[in-house]
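To start, the structure itself, in structure tokens.
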Amino acid sequence: MSLIWRYISRYNKLFLVNVLGAFGFVFVELGLPTMLARLINETVAGGGKENILRTTVFMVGLVLIGFVGRVIVAYATGRITTNMVADMRNDMYQNIQTFSHEEYDRIGVSSLVTRVTNDAFILMQFAQMLLRMGLMTFIMMFASAFMIARTSPELSVILLPAFPALLVMILVIGKKSQPLSEAQQQNLDDINGNLRESLSGMRVIRAFVKEAFQAERFEGVNNAYSLVSKKLFRLMAWNQPVFSHVINLIIIAIVWFGSEQIEGGSLQLGDMTAFIEYSFHALFSFLNFAVVFMMYPRASVSAKRIQEVLDTTSSISPNEAGITETRTRGYLTFEAVSFAYPGNTGTPVIKDISFSAEPGQTIAFIGSTGSGKSTLIQLIPRFYDVTKGRILIDGHDVRDYNLKALRKKIGFIPQKALLFTGTISENLRYGKWDASKKEIEEASDISQAKEFIARKPKRFDEHLAEGGSNLSGGQKQRLSIARAIVRKPDIYIFDDSFSALDYKTDAILRARLKKETGKATVIIVAQRVSTIMHADKIIVMNEGEVVGQGTHKELLRKCEIYYDIASSQMSKEELA
Ligand SMILES: Nc1ncnc2c1ncn2[C@@H]1O[C@H](COP(=O)(O)OP(=O)(O)OP(=O)(O)O)[C@@H](O)[C@H]1O
């Protein structure tokens, strides 16, 4: 509730309009039966035509005011709640952007998507109900209770037992629905996760003819959701019929006892009609209030999930006041670095690694799969922080840098090339929006992307589909390399980024890159020996440890693991 209120209060002027509109509406809704009572009493008593006409005109006026009040409430509610949900989504998105990989892993990408989309939508629906009905009915309940007591204190006694009975029912339903709502949102996360995985892995599913298997898995999570939803709706289904029947019974009782009072002369016919209307309003507003109240558990689950996203702070501090400028550019040092993934602190995947690199040097990492190469390079831009030791760039610990400034020094080319929806040139300018046409042409020439771009009908203006899915793996990789070159970073990090290229393109690209990155430091992770054999230093890794360091030739002589890797890829003549 406090979350919703915090966002609604950003629009306090509109909220005030909403409250005034609600008061106006209640005034009219209760004013009408009061005038109707007067009209009936005047007619029964044979009051003058003029009086009746005046009352009628007054009632028409009230109807118009009521209409305007309702429109104002609907308008203000609509604006407040759409702004509220947009603000909430923006705030969540901005905070999610600051998360480190640890937080992404902990909350889960699918759950984050559900929270930003569905949970925010549930809060919007709840806020709409709250502002449109909750507020109005809350005012209506008290105002109509006052009118009921004023019109006939004797008849009011009939209504007294109804309210606590209905209240108990609301509380029971509310309490029972809370865990079901939690399960429902969790199941929605599962549907989302399942969909993400199966839609992005459609090619693998088809290749392995696993459509039926995946459909069964989807059916499983989908059924779990609908099972919980059915339970929830079954619970809610009691609400409306019980309320309307209670209202009907009460009205019958009012007519029964009211008629006796009319016969006895202690009540007028008009007053009884008004009393029925007031009771109807009181009970009906109680019903509406109950609907809002019953939506509350579901909304509170969503609010808790959204609040968690807003409250989560990144384990990697952005260090706004950190270092932004350095005297040198591209010196990199690992000092006895160890690292364990969060949650697996007992098993470090990087163990006590030290090495250094200078501008103009190329340092390569090679080793068996799972030896920790990708993990190691992810520590440089602080996707994770080291568990022990330190990493220095230009003499400063990476944790002392302003995070954005640190990442601007680095051109990171990930293992899996990822491009964004947009044109080729927009993608190439991703790290430098003001890059000139010449700069992006040059970068695509170096990365060997120029030729295939030239073959595209719209060349640099060619539109890329989501994730660059209308390009080949090698083409995506080349664009991803060009994107990093445009930025001209101090340190290039290639995480097995040449693996999707054929040997010839790999060789040409590296030769061109060598010239371009002349003064920069280049870190390469690779599986192919031919990609890294000309590096200034090759670091061989095995199970998170460095088992050899040196040039290609040195390692062939002194490092058995390197020799094994090289001999599995090269001929005897090449090894000699
Ligand atoms: N997010 C993660 N959480 C927990 N453990 C992880 C995570 N990512 C990787 N690991 C584990 O860390 C170890 C090192 O993985 P890493 O990806 O760094 O190896 P690699 O040498 O780059 O392998 P490859 O050559 O196959 O890409 C592996 O045992 C892997 O299972």
Side-chain angles (χ1 to χ4, degrees), residues 96 98-112 193 196-197 200 204 312 314-316 332 334 336-355 357 362-389 391 398 410 412-418 473-474 476-477 480-481 491-501 506 522-533 535 537-549 555 559-562 564-566 568-569:
I96 290 170
T98 67
F99 286 4
S100 76
H101 290 246
E102 184 183 340
E103 288 81 45
Y104 284 120
D105 293 346
R106 183 166 53 77
I107 303 180
V109 173
S110 303
S111 183
L112 286 172
R196 275 172 61 88
E197 197 174 62
S200 55
V204 181
T312 300
S314 174
S315 51
I316 306 281
L332 172 71
F334 269 54
V337 169
S338 294
F339 173 75
Y341 277 102
N344 287 314
T345 42
T347 46
V349 289
I350 299 291
K351 296 164 200 159
D352 199 24
I353 287 186
S354 300
F355 70 87
T362 298
I363 309 291
F365 289 87
I366 198 163
S368 52
T369 59
S371 57
K373 306 178 296 290
S374 298
T375 304
L376 180 129
I377 53 168
Q378 288 188 52
L379 302 175
I380 305 171
R382 292 188 71 201
F383 291 158
Y384 295 97
D385 267 342
V386 300
T387 316
K388 264 194 211 154
I391 298 171
V398 286
I410 299 164
F412 194 89
I413 300 102
Q415 209 165 19
K416 194 170 165 244
L418 188 106
K476 272 196 275 187
Q477 204 58 276
S480 148
I481 293 169
I491 300 171
Y492 284 88
I493 300 178
F494 295 94
D495 185 3
D496 212 1
S497 324
F498 306 104
S499 56
L501 308 177
D506 178 3
V522 178
I523 308 289
I524 301 179
V525 168
Q527 305 279 0
R528 285 187 207 153
V529 172
S530 64
T531 304
I532 55 152
M533 60 190 282
K537 196 192 295 175
I538 299 168
I539 297 176
V540 187
M541 290 187 65
N542 190 40
E543 293 182 5
E545 283 173 296
V546 173
V547 290
Q549 269 194 58
L555 287 169
C559 179
E560 203 179 323
I561 293 184
Y562 186 76
D564 287 346
I565 298 171
S568 69
Q569 297 177 12

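Residues take their numbers from the sequence shown, with the count starting at 1. All ligand and atom numbering here is 1-based and tracks the order in the structure. Small disclaimer: the values here were computed from a predicted structure and weren't measured.
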Whether the side chain of [X] engages the backbone of [Y] through a donor-acceptor N/O pair (distance < 3.5 Å, no angle test) should be reported.
X      : Y      : value
Glu102 : Tyr384 : no
Gln569 : Val529 : yes
Ser338 : Lys388 : no

TODO: Quick one, list the residues around ligand 1 where some non-hydrogen atom comes in under 4.0 Å, by chain and residue number.
DONE: Asp105, Tyr341, Asn344, Val349, Ser368, Thr369, Gly370, Ser371, Gly372, Lys373, Ser374, Thr375, Tyr384, Gln415, Gln527

Open item on the list: According to side chain to side chain contact (heavy atoms under 4.5 Å, CB included), who are the partners of Ser371, at least two apart in sequence or on a separate chain?
Closed with: Ser368, Lys373, Met541

Task: Residue list, side chain to side chain donor-acceptor pair (under 3.5 Å) with Ser111, at least two apart or on another chain - done: Arg115, Asp189

Open item on the list: Test of understanding: with ring pair (Phe, Tyr, Trp, His ring centres under 6.0 Å), list the residues that count as partners of Phe412, not counting sequence neighbours.
Closed with: Phe383

